Structure formats: structure tokens, C-alpha cells
Novice: 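Here you go, one structure.
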Amino acid sequence: KKIVLKNVHTNLTKLINEVRDKSISTSLATFKPARITHFKVEKADSKQAFLERKKLLSESLDDKTATMLAQHIPFTFHYIFADETGRCSCLQILDWEIYERCRKLMRQYGKRHAVLEKHLRRKYFDEMVRSRDVYFYLGTTKYWHIRRSRNPFMIVGAFYPPK
């Protein structure tokens, strides 16, 4: 905790302003949401979703690893949360842990959306959000960072020690 929580952001607007400030240009940050309100698992066009995930993952991983992590998951994952000011956001989760868990569940239950969502929600919302102190690692990609998009961040990881 001493290492990971040295510089925690709690205001998404201020963090996005750091992205736009060329003297700071933040592209990776630890963020503490004030509250997490929802966890979404959405069906995605498998080919299109694969190509988008692979593109995003390829910017920070080698091509072989990005291809392995992106393949065979016809879903996207999102957290909806509020920051300290009450600003609500919906960010996609591109963390390897959730993709590995989804792969494991798909081997067990197939690609049945309702079953997968139930199991993933239990872990990533019911258990994690309610009984853990959740922090997000937010990251940008070069494409969205350079374009100075409205919100260039995605959730690239989570740190969730016990409360």
C-alpha cells in the first residue's frame, strides 16, 4: 500500500486536465472512486471486439500477448462510478485478470451471457466492491492521449486490498 498509494487521484476532471497539460501529460494513474455503482458485461461483436481489444492491448504489450489476451472473449466489461465531485463515468475494463477469469468461466459454462455475467458480477461487484478497498489503475492509449479526447482513460488494472 505504501508504494501503490503514494499518488492517488480522486477527481477525474483534474486527472483528465493533467493529460491535456503537456508539462504533465499523465498517462497512467492510481484512482480512488468515491463509489462504484454498477458493473456491466455487454455482448460485443466478437470479431470487431477482438480487433479493438487487440489494438488497445498492442499499444502496451507485445503482439503475441495482446492477441492471446484479446481472443475469444465476445464481451466488454465496464465499471460505472463517481469521483469525489459526483462526476459519473463509465470506463471499460481492459485488465488481464477479468479476461482470464472470463476464459475460465467460458470453458466451464460456454458463452452464455447471463451465466457469465452472474459469476463475474459476483466477483467484481458483489465481493470486490462491497468488501474491498478498490482503486483503479487508469491508463490512456497513445491514440486517445494525443487526440486529447474527452476522457482518454480506461481501467487497466485494479488494486483491492481488504477494507
Side-chain angles (χ1 to χ4, degrees), residues 1-21 24-44 49 52-54 56-57 59-61 65-66 68-70 73-109 113-142 144-145 149-163:
K1 276 185 158 180
K2 283 182 180 181
I3 294 169
V4 172
L5 303 180
K6 277 187 179 180
N7 185 21
V8 177
H9 296 267
T10 56
N11 183 316
L12 195 57
T13 301
K14 286 182 182 177
L15 182 57
I16 292 169
N17 287 336
E18 284 186 15
V19 170
R20 295 184 179 129
D21 182 341
I24 303 171
S25 205
T26 301
S27 62
L28 184 63
T30 303
F31 181 84
K32 173 69 174 156
R35 73 183 180 283
I36 300 170
T37 57
H38 293 86
F39 171 77
K40 293 191 320 184
V41 177
E42 295 180 335
K43 288 184 180 180
E52 288 174 13
R53 278 194 306 273
K54 184 177 179 223
L56 289 170
L57 291 165
E59 292 185 16
S60 57
L61 301 168
T65 304
M68 183 202 65
L69 289 177
I73 307 290
F75 304 102
T76 59
F77 312 101
H78 300 82
Y79 274 122
I80 300 172
F81 60 92
D83 72 1
E84 69 180 6
T85 67
R87 175 187 175 159
C88 290
S89 299
C90 177
L91 293 185
Q92 186 172 1
I93 306 165
L94 289 171
D95 181 17
W96 67 269
E97 179 183 335
I98 197 166
Y99 284 93
E100 282 304 309
R101 186 167 200 83
C102 190
R103 260 189 213 85
K104 180 180 177 184
L105 291 169
M106 284 171 46
R107 285 191 297 271
Q108 204 170 357
Y109 301 107
H113 181 260
V115 174
L116 292 171
E117 183 172 17
K118 178 184 133 192
H119 285 278
L120 291 167
R121 179 178 305 285
R122 186 181 305 135
K123 165 73 176 172
Y124 292 99
F125 190 73
D126 297 340
E127 291 175 18
M128 197 163 102
V129 172
R130 294 197 172 110
S131 65
R132 301 282 183 159
D133 191 19
V134 180
Y135 297 83
F136 297 145
Y137 297 122
L138 301 183
T140 65
T141 64
K142 183 178 178 184
W144 291 111
H145 196 100
S149 71
R150 213 174 86 221
N151 184 350
F153 286 105
M154 65 200 78
I155 299 168
V156 296
F159 177 62
Y160 46 97
K163 284 185 177 177

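Just so it is clear, the model here is predicted, and its values are computed rather than measured. Throughout, numbering of the chain's residues begins at 1 and tracks the sequence.
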Novice: Just by distance, do the side chain of His38 and the backbone of His78 share a donor-acceptor pair under 3.5 Å?
Specialist: no

Novice: Give, for atom CD1 of Ile16 and atom CG of Asn151, the distance between the pair rounded to the nearest 0.5 Å.
Specialist: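 Answer rounded to 0.5 Å: 3.5 Å.
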
Novice: Assign the ring pair Tyr99 / Phe77 to parallel, tilted or perpendicular, where the plane angle (0 to 90°) is split at 30° and 60°.
Specialist: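 Taking Phe77 first and then Tyr99, their aromatic rings stand perpendicular (interplane angle over 60°).
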
Novice: Any idea which heavy atoms bring Asn11 and Lys14 closest together, and the distance?
Specialist: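 Taking every non-hydrogen atom into account, OD1-N, 3.0 Å.
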
Novice: In Å and rounded to the nearest 0.5 Å, what is the NZ to CG distance from Lys43 to Leu116?
Specialist: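 It is 10.0 Å, given to the nearest 0.5 Å.
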
Novice: So do the side chains of Phe159 and Lys1 get within less than 4.5 Å of each other, counting heavy atoms only?
Specialist: yes

Novice: Looking only at heavy atoms, what is the nearest atom pair of Val134 and Pro33, with distance?
Specialist: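 Taking Val134 first and Pro33 second, the nearest heavy atoms are O-CD, 3.6 Å.
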
Novice: Stepwise, does the side-chain contact (heavy atoms from CB on, under 4.5 Å) test hold for Lys118 with Val115?
Specialist: CA-CA 5 Å; Lys118 178 184 133 192; Val115 174; 5.8 Å; no

Novice: Quick one: CD on Glu18 to NE2 on His9, what's the gap to the nearest 0.5 Å?
Specialist: 4.5 Å

Novice: Report yes if the side chains of Lys104 and Arg107 come closer than 4.5 Å at any heavy-atom pair, otherwise no.
Specialist: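 They are in side-chain contact.
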
Novice: For the atom pair NZ (Lys40) and CG (Leu91), what is the distance rounded to the nearest 0.5 Å?
Specialist: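 These two atoms lie 10.5 Å from each other.
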
Novice: Are the side chains of Phe39 and Val129 in contact, using a 4.5 Å heavy-atom criterion?
Specialist: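 A side-chain contact under 4.5 Å is absent here.
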
Novice: What pair of heavy atoms forms the shortest contact from Tyr135 to Pro161, and how long is it?
Specialist: CD1-CD, 4.5 Å

Novice: If I take atom CD1 from residue Ile155 and atom CD1 from residue Ile93, how far apart are they, to the nearest 0.5 angstrom?
Specialist: 5.0 Å

Novice: Is it true that a side-chain atom of Arg132 and a backbone atom of Glu127 form a donor plus acceptor pair closer than 3.5 Å?
Specialist: no

Novice: Could you check whether atom NZ of Lys123 has more than 12 heavy atoms from other residues, nucleotides or ligands sitting under 6.0 Å from it?
Specialist: yes

Novice: With rounding to the nearest 0.5 angstrom, report the CG to CG distance, Asp83 to Leu15.
Specialist: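 Between Asp83 CG and Leu15 CG, I get 10.0 Å after rounding to 0.5 Å.
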
Novice: Mind checking whether Phe136 and Phe31 have parallel, tilted or perpendicular rings, split at 30° and 60°?
Specialist: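 Parallel, since the angle between the ring planes stays under 30°.
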
Novice: May I ask you to decide if Val8's main-chain N or O and Thr30's side chain share a donor-acceptor pair within less than 3.5 Å?
Specialist: no

Novice: Do Arg101 and Leu120 have side chains that approach each other closer than 4.5 Å (heavy atoms only, starting at C-beta)?
Specialist: yes

Novice: Can a donor-acceptor pair be found, under 3.5 Å and without considering hydrogens, that links the side chain of Tyr79 to the backbone of Tyr124?
Specialist: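 Pair found, side chain donor or acceptor close to backbone of Tyr124.
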
Novice: Could I get the full list of side chain to side chain donor-acceptor pair (under 3.5 Å) partners for Arg87, not counting sequence neighbours?
Specialist: Thr13

Novice: Any idea which heavy atoms bring Phe75 and Cys102 closest together, and the distance?
Specialist: CD1-SG, 4.1 Å

Novice: Which heavy atom in Leu12 sits nearest to a heavy atom in Leu138, and how many Å separate them?
Specialist: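 Heavy atoms only, the tightest pair is CD1-CD1, 4.0 Å.
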
